[in-house]
Amino acid sequence: MRSTVWRAAVVACLFVALCAAFSPTSYAARATVIKVAHDLSPDPYDPTHGFAVVFKNYVESRTDGKYVVEIYPSSVLGKERERLELTRAGAIHVNLASVGGLSQLYQPAILLNTPFMYKSDKIVSAVLDSDFVQWMFADMQKKTGLRSICVYEMGGLSCITNNLRPIRKPEDMRGIKFRAMDDSQVAMFKALGANAVPMAWSETYTGLQTGVVQGQVNPVSAIISVKLYEVQKHITLSRTLLGSHWVVVNDRWYSSLPADVRKIVEDGFYYAREAATGLTQIVQAQGIETLKNNGMTVTALTDAEWAQFAKLGCPAVLQWAKTKMDPGIVDRFVSTVEKVEKQVEGK
């Protein structure tokens with residue numbers, strides 16, 4: 001009798017196990033996971049998180065759920081350098097990397113962040129699609145093993161914020177301690193007469209809150225995303241430098257994708273980049289009002305005022321760059337921007 005009961009129990013357990021094995025949940029568990037990481041908040045209207053959300057939706061829908069995209073925002077998988085190393089090791093498949101973090105591994109990436117280099121978003125867009133940027137992708141892959149797919153705007157040209165005073169001319173920068181993303185920004189702030197403290201992005205809010213630094217530079221989207229308006233009083237629409245992220249992937253993972261899936265992933269990146277560009281324009285159009293409503297005073301530079309900053313900040317950083325990399329690369333970048341500017345402005 002006991003034997004019969006025992007066999008019945010075993011059969012019942014096997015039946016439950018088989019039902020679980022062939023359940024929809026089990027099929028979902030078998031889906032191939034693509035891990036996407038970035039450093040900003042999980043706000044779908046933030047261009048970076050919006051990029052990730054559009055990519056996720058496109059890949060999952062076009063693969064009929066066979067591939068599942070997991071998004072890890074807010075640096076939960078590590079700071080900039082850590083995420084890049086995890087991407088190189090294959091623990092992260094897609095990393096939306098800031099230029100500051102990426103330049104620690106591939107120095108020429110910092111050139112795209114040369115301050116006061118771009119007069120408008122139209123010029124930025126054309127430069128990001130240039131042969132020079134494609135050359136950088138190939139050069140970076142050869143030197144670091146990391147593959148970059150594209151660069152996308154994540155909020156437009158960045159603004160200067162601080163706690164002391166409105167800034168309209170370089171003289172207004174004097175005596176203010178700014179958070180610097182990297183050594184190139186240290187060179188920029190020094191040329192403009194300000195002080196600079198190198199600081200990781202993840203530490204910036206606290207640094208501003210405690211007074212370790214009094215100002216910083218970022219696009220409107222990043223300022224809103226992490227609520228820097230809570231710890232900053234003044235913002236200058238200064239068109240300082242490009243707010244962008246590089247889409248960096250693990251090369252072994254990317255190369256191993258079946259051809260049809262790789263095409264879906266590539267198309268996903270394309271549509272995600274288009275979404276980020278659109279969100280950038282929306283954030284710039286609506287974000288200033290958001291900052292005003294949260295108590296920030298807004299100062300917009302005229303073209304003549306912008307030129308005063310450009311005269312000091314741009315040459316200083318280009319000269320710094322020539323001490324860190326082949327000067328020929330720097331000259332090629334400058335020539336690219338000048339060529340694009342003439343094409344865009346019709347000169």
Side-chain angles (χ1 to χ4, degrees), residues 40 98-100 110 112-121 124 153-201 203-205 207-209 211-244 280 283-284 287-292 294-318 320:
L40 291 166
S98 75
V99 173
I110 203 67
L112 293 185
N113 269 35
T114 301
F116 306 104
M117 195 73 191
Y118 314 101
K119 293 180 180 178
S120 69
D121 287 338
V124 168
E153 294 181 74
M154 42 78 72
L157 295 171
S158 62
C159 307
I160 298 171
T161 70
N162 83 101
N163 276 328
L164 296 186
R165 66 184 77 95
I167 292 173
R168 186 173 289 281
K169 55 187 183 296
E171 289 80 5
D172 296 330
M173 303 279 285
R174 291 175 183 168
I176 302 177
K177 290 186 296 183
F178 285 91
R179 173 259 177 176
M181 179 179 70
D182 50 45
D183 289 343
S184 73
Q185 285 195 5
V186 171
M188 175 191 73
F189 286 123
K190 183 177 179 181
L192 294 175
N195 302 315
V197 178
M199 182 177 292
W201 171 242
E203 300 168 1
T204 300
Y205 184 99
L208 292 166
Q209 187 179 43
V212 174
V213 289
Q214 299 156 318
Q216 61 88 53
V217 174
N218 256 299
V220 171
S221 64
I223 294 168
I224 294 174
S225 177
V226 297
K227 300 182 179 180
L228 290 187
Y229 50 76
E230 295 177 344
V231 290
Q232 293 282 263
K233 297 178 182 177
H234 308 285
I235 180 168
T236 298
L237 310 183
S238 52
R239 292 171 281 167
T240 308
L241 46 83
L242 173 61
S244 68
T280 288
V283 168
Q284 289 186 117
I288 300 304
E289 199 64 30
T290 298
L291 297 178
K292 286 181 180 178
N294 280 279
M296 295 193 78
T297 62
V298 178
T299 302
L301 297 185
T302 65
D303 288 346
E305 290 168 338
W306 179 86
Q308 294 179 42
F309 284 85
K311 184 178 180 180
L312 297 172
C314 186
V317 173
L318 289 174
W320 168 86

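- T161 places a side-chain heavy atom less than 4.5 Å from the side chain of M296.
- Residues W306 and M117 approach most closely at CZ2-N, 4.4 Å, considering heavy atoms.
- For C314 against P115, the heavy-atom pair with the smallest separation is CB-O, 3.4 Å.
- We find that R239 and D121 are not joined by a salt bridge, their nearest charged nitrogen and carboxylate oxygen being 4.0 Å or further apart.
- Only one option out of N163, L192, L164, I160 pairs with I176 in a side-chain contact (heavy atoms from CB on, under 4.5 Å); it is L164.
- Closest approach of G100 and D182 over heavy atoms only: CA-OD2, 3.9 Å.
- Sorted by first and then second residue, the salt bridge (charged side-chain N to carboxylate O under 4.0 Å, His left out) pairs with a member in residues 165-176 read R168-E305, K169-D172; sequence neighbours excluded.
- The distance from the CD atom of Q232 to the OG1 atom of T204 is 10.0 Å, given to the nearest 0.5 Å.
- Put simply, CZ on F189 and CG on L312 are 13.5 Å apart, with the number rounded to the nearest 0.5 Å.
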**OP:** Take M188 and W320 through the side-chain contact (heavy atoms from CB on, under 4.5 Å) test and state the conclusion after the steps.
**Re:** CA-CA 9 Å; M188 175 191 73; W320 168 86; over 6 Å; no
Can you give me every donor-acceptor pair (side chain of residues 219-229, partner residue at least two apart or in another chain, under 3.5 Å) with its distance?
unit_1	atom_1	unit_2	atom_2	d
S221	OG	M154	O	2.4
S225	OG	S41	N	3.4
S225	OG	S41	OG	2.7

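- Across every non-hydrogen atom of V217 and S158, the tightest pair is CG1-OG, 3.1 Å.
- Summarising the geometry of A180 relative to V186, their closest heavy-atom pair is CB-CG2, 3.7 Å, with the distance given to 0.1 Å.
- Exactly one residue among M181, M199, R179 makes a side-chain contact (heavy atoms from CB on, under 4.5 Å) with Q216. That residue is R179.
- Rounded to the nearest 0.5 Å, atoms CG (L242) and OG1 (T240) are 11.5 Å apart.
- Interatomic distance, CD1 of I235 versus NZ of K292, reported as 11.0 Å (0.5 Å rounding).
- Legend: residues meeting ring-ring contact (aromatic ring centres under 6.0 Å, His included) with F309, ordered by chain and number and at least two apart, are F116.
- Minimum heavy-atom separation, P166 to T299: CB-OG1, 3.8 Å.
- Between N113 atom CG and Q185 atom CD the span is 7.0 Å, to the nearest 0.5 Å.
- One finds the OG atom of S238 at 8.5 Å from the CD1 atom of I167 (value rounded to the nearest 0.5 Å).
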